[in-house]
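What follows is one structure encoded as structure tokens, with my remarks underneath.
All values reported here derive from a predicted model rather than from experimental measurement. Atom set for the values below is all heavy atoms of this structure, side chains included, hydrogens, waters and symmetry mates excluded. FYI, the numbering just counts along the sequence from 1. First listed ligand is number 1; within each ligand, the first listed atom is number 1.
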Amino acid sequence: MSSLRMSSLRMASLRVPRTSRLLPAVRSASSRAGSAPLLRTRGYVDGRWLSAPTAFPVADPATGEEVARVADCGPAEAKLAVDAASKAFRSWKQTTAKGRSLLLRKWFDLVMLHRDELAELITSESGKPMRESLGEVVYGASFLDWFSEEARRVYGDIVPSPARDRKLLVLKQPVGVASIITPWNFPSAMIARKVGAALAAGCTVVVKPAEDTPLSALALAQLAEQAGIPAGVFNVVPCSRENTPSVGEVLCTDPLVAKISFTGSTATGKLLLKMAADTVKRTSMELGGHAPFIVFDSADVDKAVGGAMASKFRNTGQTCVCSNRFLVQSRIYDGFMEKLGRAMEAELRLGHGSDPESTLGPLINAGAAEKVANQVTDAVSRGAQVLRGGRRLGGSFMEPTLLADVTTDMLCMKEETFGPLLPVLRFNTEEEALAIANASNAGLAGYFYSQDMSQIWRVAEALELGIVGVNEGVVSTAEAPFGGVKQSGLGREGSKYGIQDYLEVKYMCLGGLRP
Ligand code: SIN
């Protein structure tokens with residue numbers, strides 16, 4: 001099936017950082033993946049495990065060593081998957097909402113049953129610390145749970161008619177085949193969030209997982225099959241970086257595809273939107289963020305420090321909703337910086353994801369670490385001070401870094417970081433903070449800390465964002481709508497709104513009635 005190689009983690013080649021402890025791996029990610037019963041390395045199309053002419057390597061981001069080789073699907077395999085999903089749609093859309101609900105529930109149960117194995121796969125391919133991987137599996141499963149319930153709550157309307165001989169009805173119907181293109185930072189949960197909604201609505205799907213993290217997607221396929229989800233309803237076409245453009249083209253242009261749901265960079269989202277335009281496909285886009293984190297003078301500083309730690313360092317800073325720009329009001333600035341520095345020292349442990357002590361892992365690849373290091377260099381050259389960390393370590397490891405005296409002209413205040421960099425700017429007035437926070441094309445998430453109720457309402461309303469955390473640093477949950485405004489995307493995932501993105505509204509006029 002797969003060719004697996006044991007990897008030895010060469011932590012010795014990494015320098016031990018001054019401000020965070022780098023821990024030795026207990027057991028390497030690839031050895032864990034190797035023993036995982038859910039390891040699958042072929043594509044999954046029409047209920048069958050599909051080979052491809054070649055295979056591509058999946059690497060442990062901590063070491064660069066190969067974890068598995070996975071079938072490198074191309075446009076031909078992608079087309080097979082679209083055709084299978086289209087064929088399956090004919091019968092899947094006819095199933096009852098209750099039937100779909102029960103299947104999603106079985107899938108949820110199996111994911112929870114296998115959560116440890118799924119978490120090990122996530123860590124092996126994304127580098128995420130095990131406790132975060134486990135959290136991701138449970139978070140992802142919560143969407144299957146949620147949408148198994150929402151499947152039964154898709155209501156239409158009966159509209160009061162202006163004529164006595166007519167009845168006006170609104171039906172909700174599944175849009176059809178959905179192409180699901182998912183990122184590496186949540187290799188399991190982003191699939192569950194999208195596919196849970198799609199299947200609940202009666203759509204069928206073709207998933208293209210990120211090139212770096214196909215193993216979680218294939219493990220989910222294995223469990224979907226075990227749950228009894230019919231052939232062709234859930235298909236997975238893994239592929240390499242080289243094949244991604246041609247596979248993506250099939251998924252975004254084939255006339256049999258009705259809908260595209262994508263999570264990833266804004267630049268890629270724009271390309272997919274252009275491709276979708278020719279056949280006027282429905283789209284959901286979860287794109288980049290640039291989250292502000294504002295601490296007002298009235299805040300509870302200890303709580304703000306806790307929120308900053310949680311929001312910034314979740315997944316080593318690699319989430320679209322991670323705080324990117326910290327704005328702290330003058331009066332509490334010094335106290336906040338001191339407490340934050342202490343929290344970073346006490347709580348952050350950089351190491352291999354498979355070490356139970358690690359709270360931060362490697363970034364996804366060396367380029368990602370270099371991007372963060374460049375932002376640090378740029379900030380320092382413009383007058384920022386490094387209070388903690390600041391160094392790029394071996395491979396894709398980057399020290400968690402705290403910068404003071406940050407100004408708006410620095411790169412870290414203009415572009416998404418996607419890494420463990422925490423730049424702090426001092427501000428004086430609420431108006432100034434709002435102007436800085438809103439001066440961005442991105443509008444996904446943001447956070448602020450205040451204990452002044454009038455200020456809470458004012459600021460929450462004024463922030464140009466899809467998600468606002470008030471006195472909370474982590475707000476994602478299956479029950480709430482996830483999505484952004486401006487160039488952060490289109491549509492919402494999770495919540496009662498998420499399923500609507502997979503439904504068409506049909507107006508039916510029933511005429512000729514005898515009053
Ligand atoms: C993301 O980073 O794309 C998702 C984060 C979340 O669901 O909280």
Practice task
Give a yes/no on ligand 1: does Arg193 have at least one heavy atom closer than 4.0 angstrom to it?
Solution key: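 Arg193 counts as a contact of ligand 1 under the 4.0 Å cut-off.
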Out of all atoms in ligand 1, which are within 4.0 Å of some heavy atom of [X]? Include the element for each.
| X | result |
| --- | --- |
| Arg314 | 6 (C), 8 (O) |
| Met190 | 4 (C), 7 (O) |
| Thr319 | 2 (O) |
| Ser476 | 6 (C), 7 (O), 8 (O) |

Practice task
For the pair Trp92 and Arg100, evaluate side-chain contact (heavy atoms from CB on, under 4.5 Å) and give the outcome as yes or no after the intermediate values.
Solution key: CA-CA 8 Å; Trp92 183 247; Arg100 295 196 296 275; 3.6 Å; yes
Practice task
Tell me whether the centres of the aromatic rings in Phe296 and Phe427 are closer together than 6.0 Å.
Solution key: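 Yes, they do, as the ring centres are separated by less than 6.0 Å.
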Handout entry: N/O donor-acceptor pair under 3.5 Å between Lys371 side chain and Gly419 backbone
Key =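 Checked: no pair found.
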Practice task
Decide yes or no on side chain to side chain donor-acceptor pair (under 3.5 Å) for Lys106 and Gln226, but give the supporting numbers first.
Solution key: CA-CA 9 Å; Lys106 273 199 194 158; Gln226 240 172 282; over 6 Å; no
Within the structure, does [X] bring an N/O atom to less than 3.5 angstrom of an N/O atom in ligand 1?
| X | answer |
| --- | --- |
| Thr263 | no |
| Gln318 | no |
| Tyr139 | yes |

Exercise for the section: Identify the protein heavy atom lying closest to atom 5 (C) of ligand 1, giving its residue, its atom name and the separation to 0.1 Å. Expected result: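 Result: Phe186 CE1, 3.7 Å.
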Exercise for the section: Starting from atom 2 (O) of ligand 1, find the nearest protein heavy-atom neighbour and note its residue, name and distance. Expected result: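 Ranked first by proximity to atom 2 (O) of ligand 1 is Cys320 N, 2.7 Å.
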Exercise for the section: For the residue pair Arg282 and Tyr502, confirm or rule out a side-chain donor-acceptor distance under 3.5 Å. Expected result: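 Arg282 vs Tyr502: no donor-acceptor pair found between side chains.
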Exercise for the section: Using distance alone, with no hydrogens and no angle criterion, decide if Asn243 and Asp72 have a side-chain donor and acceptor under 3.5 Å apart. Expected result: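 Distance-only check passes for Asn243 and Asp72.
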Handout entry: For ligand 1, the portion of Asn185 having any non-hydrogen atom under 4.0 Å away
Key =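 Side chain only.
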Exercise for the section: With heavy atoms only and a cut-off of under 4.0 Å, state how Glu493 meets ligand 1: side chain, backbone, both or neither. Expected result: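 It is neither part, as no heavy atom is under 4.0 Å.
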Handout entry: Pair Arg349 + Glu357: basic N to acidic O under 4.0 Å
Key =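 Judged by the 4.0 Å cut-off on N to carboxylate O distance, Arg349 and Glu357 do not form a salt bridge.
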Practice task
Mark yes when over 12 heavy atoms from residues, nucleotides or ligands other than Lys303 sit less than 6.0 Å from its NZ; otherwise mark no.
Solution key: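 Atom NZ in Lys303 is not packed in, count stays at 12 or less.
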